[in-house]
Amino acid sequence: MTELADIKTLLLSRIRDVSDYPEPGVMFKDITPLLADPAAFTALTDALAEIAGRTGATKVVGLEARGFILGAPVAVRAGVGFIPVRKAGKLPGATLRQAYDLEYGSAEIEVHAEDLTGGDRVLVVDDVLATGGTAEASLELIRRAGAQVAGVAVLMELAFLNGRVRLEPALDGAPLEALLTV
């Protein structure tokens with residue numbers, strides 16, 4: 001088995017399915033067992049940091065909230081800065097705000113306007129690509145701040161929700177990499 005296949009097997013073995021959460025009919029993919037396993041969490045961090053290096057990222061954006069957990073160690077491992085993209089109203093100071101639709105309603109996200117510059121290449125990191133709304137909004141924020149999009153990297157893509165199709169125009173040729181597709 002190849003190293004990538006070994007990593008995928010390890011990651012999949014540490015993701016727990018939770019039925020009917022957050023609402024009936026939804027199968028939630030719980031990554032907390034993966035985070036609790038140092039070998040699995042390290043393998044995930046290393047794989048995402050390799051993507052950051054390959055894309056030439058100078059900053060990693062983590063999407064609230066699990067994207068913070070994944071993105072911060074990826075940024076440290078890749079030797080680049082980390083920028084949190086938060087729910088609206090959570091950041092002090094001057095922010096850029098973007099509204100978007102998600103699986104269960106709508107929301108707004110923000111980033112500090114001064115944290116990204118025209119010289120930055122930004123990799124967006126999150127746990128799951130579902131419908132693509134949050135990632136799409138983050139790409140808009142990155143570009144509005146004057147930075148370039150280096151790509152999007154996620155632990156898993158829920159292919160049946162077609163987030164990749166929605167996100168491709170906003171990526172404008174930048175890569176979307178999912179370590180797992182379910």
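When the side chains of ILVMFWY residues are joined at heavy-atom separations under 4.5 Å, either directly or via intervening members, Val61 and Val76 end up in two distinct hydrophobic clusters. Hydrophobic clustering (side-chain heavy atoms under 4.5 Å, transitive across Ile, Leu, Val, Met, Phe, Trp, Tyr) groups Leu12 together with Leu70. Criterion: ILVMFWY side-chain heavy atoms under 4.5 Å apart, direct or through other members. Under it, Ile69 and Leu44 are part of a common hydrophobic cluster.
Each of Leu139, Val124, Thr131 was compared with Leu167 under the side-chain contact (heavy atoms from CB on, under 4.5 Å) criterion, and only Leu139 meets it.
With sequence neighbours left out, Asp115 forms a salt bridge (charged side-chain N to carboxylate O under 4.0 Å, His left out) with no residue at all. Lys29 pairs by the salt bridge (charged side-chain N to carboxylate O under 4.0 Å, His left out) definition with Asp17, not counting sequence neighbours. Every side chain to side chain donor-acceptor pair (under 3.5 Å) that Asp127 has, sequence neighbours left out, goes to Arg66. Judged as a side chain to side chain donor-acceptor pair (under 3.5 Å), and not counting sequence neighbours, Ser13 has no contacts. Considering only residues two or more places apart in sequence or on other chains, Arg97 meets the salt bridge (charged side-chain N to carboxylate O under 4.0 Å, His left out) condition with Glu108, Glu110. For Asp20, the salt bridge (charged side-chain N to carboxylate O under 4.0 Å, His left out) criterion is met by no residue, not counting sequence neighbours. Not counting sequence neighbours, the partners of Ala145 by the side chain to side chain contact (heavy atoms under 4.5 Å, CB included) test are Leu96, Leu116. Legend: residues meeting side chain to side chain donor-acceptor pair (under 3.5 Å) with Thr55, ordered by chain and number and at least two apart, are absent. Residues passing the side chain to side chain donor-acceptor pair (under 3.5 Å) test with Asn162: none are found, sequence neighbours excluded.
Between the OG1 atom of Thr95 and the CD atom of Glu114 there is a distance of 9.5 Å, given to the nearest 0.5 Å. Separation of atoms CZ (Arg86) and CG (Leu91) is listed at 6.0 Å; rounding is to 0.5 Å. With rounding to the nearest 0.5 Å, the separation of CD1 in Ile15 from CG in Asp30 is 9.0 Å. One distance of note links CG of Leu155 with CG of Asp126; it measures 9.5 Å at 0.5 Å rounding. In this structure, Thr32 OG1 and Asp37 CG are separated by 12.0 Å, a value rounded to the nearest 0.5 Å. Note that the CE atom of Met156 and the CG atom of Leu11 stand 9.0 Å from one another [nearest 0.5 Å].
Sequence neighbours left out, the pairs with a member in residues 28-83 that pass ring-ring contact (aromatic ring centres under 6.0 Å, His included) are Tyr21-Phe28. Sorted by first and then second residue, the side-chain hydrogen bond (donor to acceptor under 3.5 Å, both in side chains) pairs involving residues 144-154 (not counting sequence neighbours) are Gln98-Arg144, Arg121-Gln148.
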Evaluate the criterion side chain to side chain contact (heavy atoms under 4.5 Å, CB included) for residue pair Val74 and Val80; output intermediate values, then yes/no. CA-CA 9 Å; Val74 167; Val80 301; over 6 Å; no
Show your working on side chain to side chain contact (heavy atoms under 4.5 Å, CB included) between Ile142 and Val85 and close with a plain yes or no. CA-CA 10 Å; Ile142 290 164; Val85 168; over 6 Å; no
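Among all heavy-atom pairs drawn from Ala75 and Gly81, the shortest one is CB-O, 3.7 Å. Residues Val125 and Val60 share a closest heavy-atom pair of CG2-CG1, 3.7 Å. Closest of all the heavy-atom pairs between Val122 and Ala147 is CG2-CB, 3.9 Å. Considering every non-hydrogen atom in both Ala99 and Ala137, the closest pair reads O-CB, 4.5 Å.
Proximity of a side-chain donor or acceptor of His112 to a complementary backbone N or O of Pro92 within less than 3.5 Å is detected.
Counting only N and O atoms by type, the side chains of Asp120 and Thr117 include a donor and acceptor under 3.5 Å apart.
Two residues are said to be in side-chain contact when any heavy atoms from C-beta on lie closer than 4.5 Å; Ile51 and Leu48 meet this criterion.
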Side-chain donor-acceptor pairs of residues 171-182 under 3.5 Å, sequence neighbours excluded:
from   : atom 1 : to    : atom 2 : distance (Å)
Glu177 : OE1    : Arg54 : NH1    : 3.3
Glu177 : OE1    : Arg54 : NH2    : 3.2
Glu177 : OE2    : Arg54 : NH1    : 2.5

